[in-house]
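One structure is given here, and the rest of the page talks about it.
Numbering of ligands and ligand atoms starts at 1, following listing order.
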Amino acid sequence: MEKNKIIEVKDLVKKYGDFTAVKGISFEVYEGEIFGLLGPNGAGKSTTLEIIETLREKTSGTVIVNGFDLDKEPDEIKKVIGVQLQSSGYYPLLSLTELVHLFGGLYNKKVKPFEYLDMVNLRDKAKAKFKELSGGQKQRFSIATTLINKPKIVFLDEPTTGLDPQARRNLWELILKIRSQGATIVITTHYMDEAEYLCERVGIIDSGKIIAIATPDKLIDDLVATGFERKKQVKNANLEDVFINLTGKELREG
Ligand code: ADP
């Protein structure tokens with residue numbers, strides 16, 4: 001069966017003055033998948049994401065989201081996407097309930113805050129202010145706010161950076177849950193274990209160019225086929241396994 005392309009990016013270029021940050025990249029995202037955009041700092045991931053999210057002007061190229069051309073119908077694109085703000089984008093002194101209502105207002109939707117807080121396991125923090133949350137809770141809450149307009153596509157820009165191993169794993173399960181409810185997810189990350197665990201397909205971007213795009217499995221098989229051999233693992237566990245084993249999987253958020 002032909003997979004439905006929900007995002008199509010073609011020959012996308014972004015210049016900041018004389019500097020070309022995105023150098024003619026093309027890729028597609030299929031409906032229902034988790035697609036990862038991977039690359040070192042400064043590679044052009046956020047720029048690319050923000051252009052698709054209608055938050056940044058492109059220099060040239062075409063972007064089609066859910067059948068709508070970014071140049072012609074950006075408002076139609078805004079209606080079907082959920083975008084995660086950086087945590088500085090929240091009013092620190094409002095409670096989570098107030099913030100959910102505020103976002104509902106932005107999207108012109110009457111919302112039931114518990115519906116979203118339950119989804120990310122934050123009902124007991126409904127009255128807490130945003131600034132009082134732990135790092136993992138802030139990330140979970142910001143993901144909840146992406147769901148308020150019932151988006152078809154959710155964009156997550158480094159959602160687990162700076163979190164402890166328990167909070168990262170907890171967030172992975174949340175991301176899988178959102179996908180299982182029918183959303184397509186586009187995620188950027190520096191963590192290869194995260195990409196391997198979550199993503200059906202990944203695009204690797206370096207210095208503004210896509211240098212590989214495939215399933216994680218295919219990329220690994222291709223590397224092995226070149227004769228590459230990993231240094232033999234001498235132990236059946238690593239330090240992260242030790243840490244999780246000693247401190248447990250449950251969240252500790254004080
Ligand atoms: P990534 O998300 O992969 O870390 P970015 O898309 O943030 O990369 O940045 C790509 C490149 O563009 C970097 O070299 C960055 O310094 C540059 N850049 C990003 N935003 C701007 C801007 N507003 N003005 C000038 N240069 C920028």
- Is there at least one protein heavy-atom neighbour under 4.0 Å from atom 8 (O) of ligand 1?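 Neighbour list for atom 8 (O) of ligand 1 includes protein heavy atoms (cut-off 4.0 Å).
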- Scan the protein's non-hydrogen atoms and note whether one is under 4.0 Å from atom 15 (C) of ligand 1.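 Given the 4.0 Å cut-off, atom 15 (C) of ligand 1 does not count as touching protein heavy atoms.
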Atom indices of ligand 1 within 4.0 angstrom of [X] heavy atoms, with elements:
{"X": "P40", "value": "3 (O)"}
{"X": "F19", "value": "11 (C), 12 (O), 14 (O), 17 (C)"}
{"X": "N41", "value": "4 (O)"}
{"X": "T47", "value": "5 (P), 6 (O), 9 (O)"}
{"X": "A21", "value": "11 (C), 12 (O)"}
{"X": "A43", "value": "1 (P), 3 (O), 8 (O)"}

- Task: Tell me which part of R56 gets within contact of ligand 1: side chain, backbone, both or neither, using heavy atoms under 4.0 Å.
- Result: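 The answer is the side chain of R56.
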- Message: Whether the side chain of K45 engages the backbone of G39 through a donor-acceptor N/O pair (distance < 3.5 Å, no angle test) should be reported.
- Response: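 Such a contact is found between K45 side chain and G39 backbone.
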- Item | Donor-acceptor contact present, side-chain R140 to main-chain V120, <3.5 Å |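 Yes, the answer is positive, given that a donor and an acceptor are paired below the 3.5 Å cut-off.
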- Check: F27 ring centre within less than 6.0 Å of F35 ring centre: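 Judged by ring-centre distance (under 6.0 Å), F27 and F35 do meet the cut-off.
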- Look at E50 together with K14 and state whether they make a salt bridge at an N to O cut-off of under 4.0 Å.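 Looking at K14 together with E50, the answer is no, because their closest N to O distance does not fall below 4.0 Å.
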- Item | salt_bridge(K79, D75) N-O dist < 4.0 Å |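 Looking at D75 together with K79, the answer is no, because their closest N to O distance does not fall below 4.0 Å.
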- Task: Consider only side-chain N and O atoms of E31 and T184, and report whether a donor and an acceptor are under 3.5 Å apart.
- Result: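 No, because no side-chain N or O of E31 sits under 3.5 Å from a partner of the opposite role on T184.
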- Task: Consider every N or O of K45 and every N or O of ligand 1, then say whether any pair is closer than 3.5 Å.
- Result: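 K45 vs ligand 1: N/O contact under 3.5 Å present.
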